[in-house]
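A short write-up of the structure that comes next.
Along the sequence shown, residues carry numbers from 1. A quick note: this is a predicted structure, and the numbers were derived from the prediction, not measured.
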Amino acid sequence: MISTSLSHLADVLGGRLVVRSGDTPDTTVSGLVDTDSRLIERGDIFVAKPGETTDGHLFVGTAVERGAALAIVEREVEAEVSQIVVADVVAALADLARDVVARVRAHGDLKIVGITGSNGKTTTKNLLARILEGEGETVAPRASFNNEVGAPLTMLRVTDATRYLVSEFGASAPGAIARLAGLVTPDIGVVLMVGMAHAGGFGGIESTFHAKSELVKATREGGLAVLNADDPRVAAMEPIARERGQQVRWFGRGERAEVRAVDVEVSASGTRADLLVDGEPFTLTLRVLGEHHVMNALAALAAATALGVSAADAIARLETVEIAERWRMQPLGSDRVRIINDAYNASPDSMAAALRTLAQITGPDERTVAVLGAMSELGEYADEEHDRVGLLAVRLRIQRIVVIGPEARRMYLEAIAQGSWDGEAVFLADADAAFDYLSTELRDGDRVLVKSSNSAGLRHLGDRLGELFA
């Protein structure tokens with residue numbers, strides 16, 4: 001974070017300053033800001049966030065031992081560290097992020113890119129960050145820091161030397177993206193797709209459309225909207241962008257896209273795509289598994305080239321990325337038994353994309369094995385969407401369908417109903433039972449997809465299988 005006096009911070013946060021440890025109101029702090037006391041280092045700022053299972057105020061002492069220079073709290077704590085007492089530390093994080101980014105922007109050369117979409121946000125963020133890091137200091141979220149806490153924490157890492165801030169915006173509820181993007185007013189807003197992820201919480205896909213379009217509305221007037229030309233709901237955001245005087249830059253597979261993939265070949269080692277970037281031909285060899293990640297690469301290319309990065313440089317940097325993120329199409333195991341651990345998150349769209357990838361990368365003498373858990377946050381659509389996954393797995397001729405957990409049972413039942421009743425489909429109660437089963441069932445030549453929402457916990461099963469067959 002940029003250097004800031006304690007008194008200025010208290011004014012920005014509307015809080016009460018408690019000066020301790022020899023400090024004065026004019027004392028400045030410039031360390032990183034975090035809610036995890038274990039990550040605090042000397043000079044950092046600790047935010048004591050109350051949680052569902054514990055309370056950050058209990059860890060102020062630990063943060064001080066690790067060198068915290070300031071604590072932002074909701075109640076004064078007995079600890080030898082200066083504190084700013086606020087009504088709501090999460091709201092204070094947002095206020096602080098807004099102030100810091102505005103001050104850096106006012107006297108620097110900071111460009112801000114915001115990314116949202118039902119799927120692909122984290123991958124696209126990582127791809128774009130890899131491109132921009134070659135141009136100058138770039139700040140991007142760790143993992144999926146895209147909520148009301150993670151997004152401001154990322155924003156607070158900017159300094160006067162930061163040239164690019166890449167922010168990822170998730171939508172926990174209507175209005176969430178508007179609030180988060182409104183903290184920084186991005187120069188470029190990237191919308192990847194509108195799908196069924198979180199549809200249960202929003203009340204349907206049309207409500208999801210309105211939630212995702214909040215990013216376009218929050219992108220600065222006269223800025224740039226980078227939109228998926230192949231997704232009709234994303235394409236329908238063009239009038240919103242035009243009303244705000246924004247240019248629109250399209251990416252996709254169709255002829256409308258300025259950044260376009262004209263031919264894609266998928267293999268077990270990655271994906272090759274012939275591209276046209278503003279009419280100029282290029283070839284991209286992406287090591288990240290899955291045809292669907294080509295669209296994420298196109299979105300990153302569209303944003304980067306709009307910022308002045310040459311297409312050739314951008315593509316060369318994309319080709320250095322080996323995995324999108326841990327637990328996202330992550331290759332594990334060995335050539336003998338290949339495990340693809342994609343169990344960090346799942347929606348109907350990403351589940352379908354992962355299953356298609358499994359089918360595409362498996363050779364004629366190899367066997368496809370899909371280890372599937374529940375997709376969360378689908379609400380009233382859960383039964384229908386789990387049925388669709390079971391149906392798709394059968395239509396793709398997945399040779400072993402292993403369904404785990406009661407919330408995912410509909411996938412198994414649908415697979416059985418579609419003809420996978422002679423041992424091809426198996427239902428198991430939990431990840432431990434699945435590990436025991438797969439330990440003896442998997443054989444040389446198997447290509448295994450492990451896919452579920454984070455809440456199902458199958459990412460750890462994928463890790464265990466990867467170690468077993470390494």
Side-chain angles (χ1 to χ4, degrees), residues 119 195-197 199-200 266 289-292 329 333 337-443 445-462 464-465:
N119 299 111
M196 289 297 293
V266 181
L289 288 178
E291 182 176 359
H292 53 296
M329 298 301 287
V337 177
R338 174 62 66 197
I339 310 295
I340 303 170
N341 193 352
D342 193 32
Y344 186 84
N345 216 339
S347 69
D349 296 303
S350 69
M351 187 73 82
L355 285 169
R356 291 191 181 99
T357 297
L358 176 64
Q360 288 171 327
I361 68 173
T362 303
D365 297 326
E366 299 169 341
R367 185 173 67 157
T368 50
V369 181
V371 182
L372 307 176
M375 301 176 289
S376 61
E377 300 184 48
L378 292 175
E380 64 183 285
Y381 306 96
D383 287 352
E384 176 184 353
E385 294 302 329
H386 283 86
D387 288 349
R388 288 180 189 274
V389 171
L391 173 62
L392 178 62
V394 174
R395 288 185 173 175
L396 290 172
R397 298 182 180 179
I398 304 300
Q399 291 155 283
R400 281 289 184 274
I401 303 169
V402 181
V403 178
I404 303 171
E407 295 84 359
R409 187 178 176 85
R410 294 284 296 235
M411 296 181 192
Y412 166 74
L413 296 175
E414 183 65 18
I416 293 292
Q418 295 298 326
S420 294
W421 46 264
D422 192 20
E424 297 95 338
V426 177
F427 175 77
L428 298 164
D430 55 38
D432 287 337
F435 181 78
D436 292 341
Y437 169 78
L438 292 165
S439 298
T440 58
E441 168 65 20
L442 296 181
R443 65 194 191 204
D446 281 352
R447 299 297 176 254
V448 185
L449 170 70
V450 182
K451 180 70 173 171
S452 74
S453 284
N454 202 351
S455 59
L458 298 196
R459 63 196 186 281
H460 302 302
L461 171 63
R464 293 174 69 189
L465 293 171

Working for side chain to side chain donor-acceptor pair (under 3.5 Å), residues Asn341 and Arg459: CA-CA 6 Å; Asn341 193 352; Arg459 63 196 186 281; over 6 Å; no
Partners of Asp430 by salt bridge (charged side-chain N to carboxylate O under 4.0 Å, His left out), sequence neighbours excluded? none
Minimal heavy-atom distance between Ala456 and Ser452, with the atoms involved, is CB-OG, 3.5 Å
Please evaluate residues Leu413 and Val403 with respect to the criterion side chain to side chain contact (heavy atoms under 4.5 Å, CB included), reporting the C-alpha separation (whole Å), side-chain torsions for both, the decisive distance (0.1 Å), and the verdict. CA-CA 10 Å; Leu413 296 175; Val403 178; over 6 Å; no
Let me confirm one number: the CD1-OG1 distance from Ile340 to Thr357, rounded to the nearest 0.5 Å. 7.5 Å
Which distance, rounded to the nearest 0.5 Å, do you find between the CD of Gln418 and the CZ of Arg395? 6.5 Å
Check: Lys451 side chain, Tyr344 main-chain N or O, donor-acceptor pair, under 3.5 Å: no
Measuring from atom CD1 of Ile416 to atom CE of Met411, what distance do you get when rounded to the nearest 0.5 angstrom? 14.5 Å
Nearest atoms (heavy-atom pairs only) where Ser376 meets Ser453: N-OG, 2.9 Å
Roughly how far, to the nearest 0.5 Å, is the CG atom of Leu465 from the CG atom of Leu438? 5.5 Å
CG on Leu391 to CD on Glu414, rounded to 0.5 Å: 5.5 Å
Quick check: closest heavy atoms across Ile339 and Gly462, and the distance to 0.1 Å? CG2-O, 4.0 Å
Of all heavy-atom pairs between Ser347 and Asn119, which one has the smallest distance, and what is that distance? OG-ND2, 2.8 Å
Quick one: are Met329 and His292 in side-chain contact, heavy atoms under 4.5 Å? yes
Would you tabulate the side-chain donor-acceptor contacts of residues 364-374 under 3.5 Å, counting partners in other chains and residues two or more places apart, or write 'none'?
{"residue": "Glu366", "atom": "OE1", "partner": "Gly363", "partner atom": "N", "Å": "2.7"}
{"residue": "Glu366", "atom": "OE2", "partner": "Arg447", "partner atom": "NH2", "Å": "3.1"}
{"residue": "Arg367", "atom": "NE", "partner": "Asp446", "partner atom": "OD1", "Å": "2.9"}
{"residue": "Arg367", "atom": "NH1", "partner": "Glu441", "partner atom": "OE2", "Å": "3.0"}
{"residue": "Arg367", "atom": "NH2", "partner": "Glu441", "partner atom": "O", "Å": "3.1"}
{"residue": "Arg367", "atom": "NH2", "partner": "Glu441", "partner atom": "OE2", "Å": "3.4"}
{"residue": "Arg367", "atom": "NH2", "partner": "Asp446", "partner atom": "OD2", "Å": "2.8"}
{"residue": "Thr368", "atom": "OG1", "partner": "Gln399", "partner atom": "N", "Å": "2.9"}
{"residue": "Thr368", "atom": "OG1", "partner": "Gln399", "partner atom": "OE1", "Å": "3.2"}

Looking at Ala431 and Ile404, what are the two nearest heavy atoms and their distance? N-CG2, 3.8 Å
Begin from the C-alpha positions of Arg356 and Leu392 and carry the test side chain to side chain contact (heavy atoms under 4.5 Å, CB included) through to its verdict. CA-CA 9 Å; Arg356 291 191 181 99; Leu392 178 62; 4.2 Å; yes
Ser420 side, atom OG; Ile398 side, atom CD1 - distance, nearest 0.5 Å: 9.5 Å
Met375 backbone acceptor or donor facing His386 side chain under 3.5 Å: yes
